[in-house]
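Note that these values count all heavy atoms, side chains included, but never hydrogens, waters or copies made by symmetry. One-based numbering along the sequence shown.
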Amino acid sequence: MIFEQYDIVVVGAGHAGAEAAAAAARIGANVLLITQVLDNICQMSCNPAMGGVAKGQIVREIDALGGWSGIVTDRSAIQFRMLNLSKGPAMWSPRAQCDRMLFSANWRRVLESVPNLSLWQDEVVALTFDGNVVSGVVTRMGHTVPAKAVVLTSGTFLNGRIYIGEDSWQGGRVGEAPAVGLSDQLRENGFEVQRLKTGTPVRVDGRTIDFSKLVEQPGDTVPAKFSFTNTMPLTEQRSCYLANTNLRTHDILRTGFSRSPMFTGRIQGRGPRYCPSIEDKIDRFSDKDHHQLFVEPEGWLSQSWYLNGFSSSLPLDVQLDALHSIEGFECARIFKPGYAIEYDYFPPTQLAYTLETKLIRNLYFAGQINGTTGYEEAACQGLLAGTNAALKLKGKAPFVLGRSQAYIGVLIDDLVTKGVDEPYRMFTSRAEYRILLRQDNADQRLTPLSYAIGLADDARMRRVEEKGRLVSELSRIVEELPIVPSQANGWLAEHHSAPLSQRVHLSTLLLRPELSLADLEQLSPELAAAVSALPDNLRNEVHQEVETSIKYQRYIEKEQEVASRILKFEDISLPVDFDYYTLHALSYECREKLNRYRPVSIGQASRISGISPADISVLLLTFAC
């Protein structure tokens with residue numbers, strides 16, 4: 001036997017696979033990570049960026065749990081921006097542009113440093129089973145690798161097919177072979193398999209772009225970072241740029257519709273509604289005379305630029321003609337054409353909350369195989385799948401996050417409860433408790449939970465405890481320091497804020513939307529001294545947490561109250577083998593969906609589309625009394 005028996009084999013080394021393997025090994029499992037090309041670990045196949053609206057919250061949650069995506073992003077970043085600063089803190093979302101090659105190299109360095117984790121370059125072509133329990137994998141080289149659990153993170157490689165105009169061939173990415181065989185084997189074992197589509201734009205040679213015609217987008221003046229650990233913030237950044245299509249661009253693109261695989265029906269899988277191709281945009285929004293494009297560098301030293309918003313599967317000649325009609329790109333050359341890729345996925349209603357499949361025990365799915373899109377969505381699934389696989393083998397309770405605990409909890413609940421009919425992308429609007437699930441408090445929400453299962457280490461936990469202590473101290477100072485009218489009114493007038501008529505505490509002034517905690521430091525020397533005394537590595541985080549918790553205290557308390565009421569339904573379990581067709585008080589649609597999806601609680605049942613409040617009342621009467 002060439003291979004020993006591993007506790008866990010992880011198939012695929014994209015963002016999901018890397019986080020799954022690292023998490024499982026950290027908890028103590030003996031892990032083998034198998035991927036087709038070791039030099040392509042965590043490839044940023046599409047946009048070389050991490051984070052963004054809601055996605056940035058997910059990366060901070062991964063980091064708070066002890067994952068590596070935030071650390072690798074900080075080590076690979078070339079620009080950092082905090083998005084949505086004009087809105088409330090629940091909407092603030094960190095985003096980092098990354099060096100594509102450095103990101104992959106940094107991830108490989110991480111994986112090679114994790115104890116209990118081995119790497120193997122090969123392709124998994126089949127799984128082995130012992131009854132309804134997975135028992136290992138078979139590789140293209142003919143090796144059988146025994147394992148107690150398998151985490152499948154195959155990305156877009158399952159029966160992947162690439163399209164550029166009328167040309168089409170099998171592939172997982174341009175230049176890489178697809179994964180063939182696994183889909184058919186799992187279908188034979190009772191799994192439902194469907195198709196989705198995604199795409200990517202041309203990569204442009206930056207030496208041929210006239211940047212003087214574009215609008216520069218620099219990074220933040222004082223860049224933040226993703227990880228709650230002591231990674232270094234950027235001291236130097238590369239700018240991104242804005243460009244726009246025009247009516248001539250749209251006319252040129254339309255000339256290729258007759259050869260478009262999307263419009264001619266050769267692509268059957270549905271693409272991401274919120275990240276459509278440029279041809280889809282001009283077809284769906286024909287009244288628009290332009291569409292904004294984001295011109296983004298792919299590295300510190302690379303001349304390759306990513307044209308975000310110009311994803312296309314049109315013929316190459318049409319892509320080039322349309323590109324040359326855009327101001328600043330008249331003489332542009334490209335390194336790689338845009339293309340679409342269609343691939344197999346498994347509707348995620350076939351999974352438990354742990355991401356273990358319902359049909360085959362100890363088999364877990366994570367990432368685009370579950371119908372999601374985006375590095376961040378994939379990475380958090382990998383982290384949870386690897387964690388739960390390792391915990392189950394140790395005989396420990398599963399690690400499941402609720403909707404009021406994390407964006408990750410929202411994502412997984414959406415997947416396993418509602419399923420997908422298009423590539424799933426996280427938005428802040430999907431979360432009911434946005435003010436609770438801010439990017440700045442992810443460590444306080446999640447690190448204690450992760451530490452309890454052995455994923456987050458002692459250093460992380462000590463840092464969270466220290467931050468919590470400092471937040472409490474500074475909050476107490478703000479809430480107790482008095483301010484009198486004679487001391488404040490002149491200063492308030494300069495800041496266009498109403499005068500005081502009586503003595504108040506600083507926390508009362510902080511409730512005013514026009515005043516910030518930094519403003520109040522100018523008014524109160526005692527507060528300024530307390531802030532200055534904070535440790536340098538925690539000052540900004542503590543400052544922001546105190547300001548947010550005081551300003552939004554009533555909203556936070558209201559969301560916590562609502563979440564507590566909803567959690568009562570989550571605690572009411574439903575039997576896994578009950579025949580709901582026997583409950584004739586339920587609507588037929590409800591009985592059909594309950595038998596199909598098998599929710600584990602009344603709370604989960606209430607979120608299934610088509611199940612009414614009246615149906616929930618019947619379930620409560622049946623199972624809660």
**OP:** State which residues pass side-chain contact (heavy atoms from CB on, under 4.5 Å) with A24; sequence neighbours excluded, sorted by chain then number.
**Re:** I8, A29, V31, A390
Original post:
Taking it one step at a time, do R140 and D122 satisfy salt bridge (Lys or Arg N to Asp or Glu O under 4.0 Å)?
Top reply: CA-CA 6 Å; R140 178 68 64 190; D122 204 341; over 6 Å; no
**OP:** Name all pairs fulfilling the salt bridge (charged side-chain N to carboxylate O under 4.0 Å, His left out) condition that reach into residues 352-366, sequence neighbours left out, sorted by first residue then second.
**Re:** E356-K392
Subject >> R598: partners by salt bridge (Lys or Arg N to Asp or Glu O under 4.0 Å), with sequence neighbours left out >> reply: none
**OP:** Return yes if some donor-acceptor pair links the side-chain N/O of E19 with the main-chain N/O of S69 below 3.5 Å, else return no.
**Re:** yes
Original post:
salt bridge (Lys or Arg N to Asp or Glu O under 4.0 Å) with R161: which residues, sequence neighbours excluded?
Top reply: none
**OP:** Indicate the atoms forming the closest heavy-atom contact of A22 with W68, along with that distance.
**Re:** CB-CD1, 3.9 Å
Original post:
Ignoring hydrogens and geometry, is there a side-chain-to-backbone donor-acceptor pair from R203 to K336 under 3.5 Å?
Top reply: no
Original post:
Under the side-chain contact (heavy atoms from CB on, under 4.5 Å) criterion, do D63 and R460 qualify, and how do the steps go?
Top reply: CA-CA 10 Å; D63 184 77; R460 281 183 179 271; 3.2 Å; yes
Original post:
According to the interplanar angle, ranging from 0 to 90°, do the rings of H143 and F3 count as parallel (below 30°), tilted (30 to 60°) or perpendicular (above 60°)?
Top reply: perpendicular
Original post:
Who are the side-chain hydrogen bond (donor to acceptor under 3.5 Å, both in side chains) partners of T349, not counting sequence neighbours?
Top reply: none
Subject >> Flag if over 12 foreign heavy atoms under 6.0 Å of CZ, F569 >> reply: no
**OP:** Report yes or no: do N106 and S76 form a side-chain donor-acceptor pair below 3.5 Å?
**Re:** yes
**OP:** Just grab all the salt bridge (charged side-chain N to carboxylate O under 4.0 Å, His left out) pairs involving residues 265-278, residues at least two apart or on different chains.
**Re:** R270-E422, R273-E422
Original post:
For N132, which residues count as a side-chain hydrogen bond (donor to acceptor under 3.5 Å, both in side chains) partner, sequence neighbours excluded?
Top reply: none
Subject >> Donor-acceptor pair between T156 and Q368 side chains, under 3.5 angstrom >> reply: no
**OP:** Sequence neighbours left out, what pairs pass salt bridge (charged side-chain N to carboxylate O under 4.0 Å, His left out) with at least one residue falling in residues 407-421?
**Re:** R403-D413, R403-D414, D413-R607, D414-K418
Original post:
Can any side-chain N or O of S313 pair as donor or acceptor with the backbone N or O of I164 at less than 3.5 Å?
Top reply: no
Subject >> Sub-6.0 Å ring centroid separation between Y580 and F578 >> reply: yes
**OP:** Taking ring pair (Phe, Tyr, Trp, His ring centres under 6.0 Å) as the test, write out the residues that go with F226, two or more places apart.
**Re:** F80
Original post:
Are V150 and I360 side-chain neighbours, meaning at least one heavy-atom pair lies under 4.5 Å?
Top reply: no
**OP:** For the residue pair T372 and E377, confirm or rule out a side-chain donor-acceptor distance under 3.5 Å.
**Re:** no
Subject >> ring pair (Phe, Tyr, Trp, His ring centres under 6.0 Å) partners of F129, counting only residues at least two apart >> reply: none
Subject >> Contacts of type ring pair (Phe, Tyr, Trp, His ring centres under 6.0 Å), residue Y375, not counting sequence neighbours >> reply: H15
**OP:** Assess whether side-chain contact (heavy atoms from CB on, under 4.5 Å) is satisfied between T153 and Q381, documenting all intermediate values.
**Re:** CA-CA 9 Å; T153 68; Q381 291 174 69; over 6 Å; no
Original post:
If you take all heavy atoms of A18 and C42, which pair is closest and at what distance?
Top reply: CB-SG, 3.5 Å
Original post:
So Q350 and F365, side-chain contact (heavy atoms from CB on, under 4.5 Å) or not? Walk me through it.
Top reply: CA-CA 10 Å; Q350 300 173 98; F365 293 166; 5.8 Å; no
Original post:
Which of these passes side-chain contact (heavy atoms from CB on, under 4.5 Å) with L586: I616, I611, L619?
Top reply: L619
Subject >> Summary of salt bridge (charged side-chain N to carboxylate O under 4.0 Å, His left out) pairs that have at least one residue in residues 339-350, sequence neighbours excluded >> reply: R195-E342, R195-D344
**OP:** Spell out, as yes or no, whether a donor-acceptor pair under 3.5 Å connects the side chain of T128 to the backbone of G136.
**Re:** yes
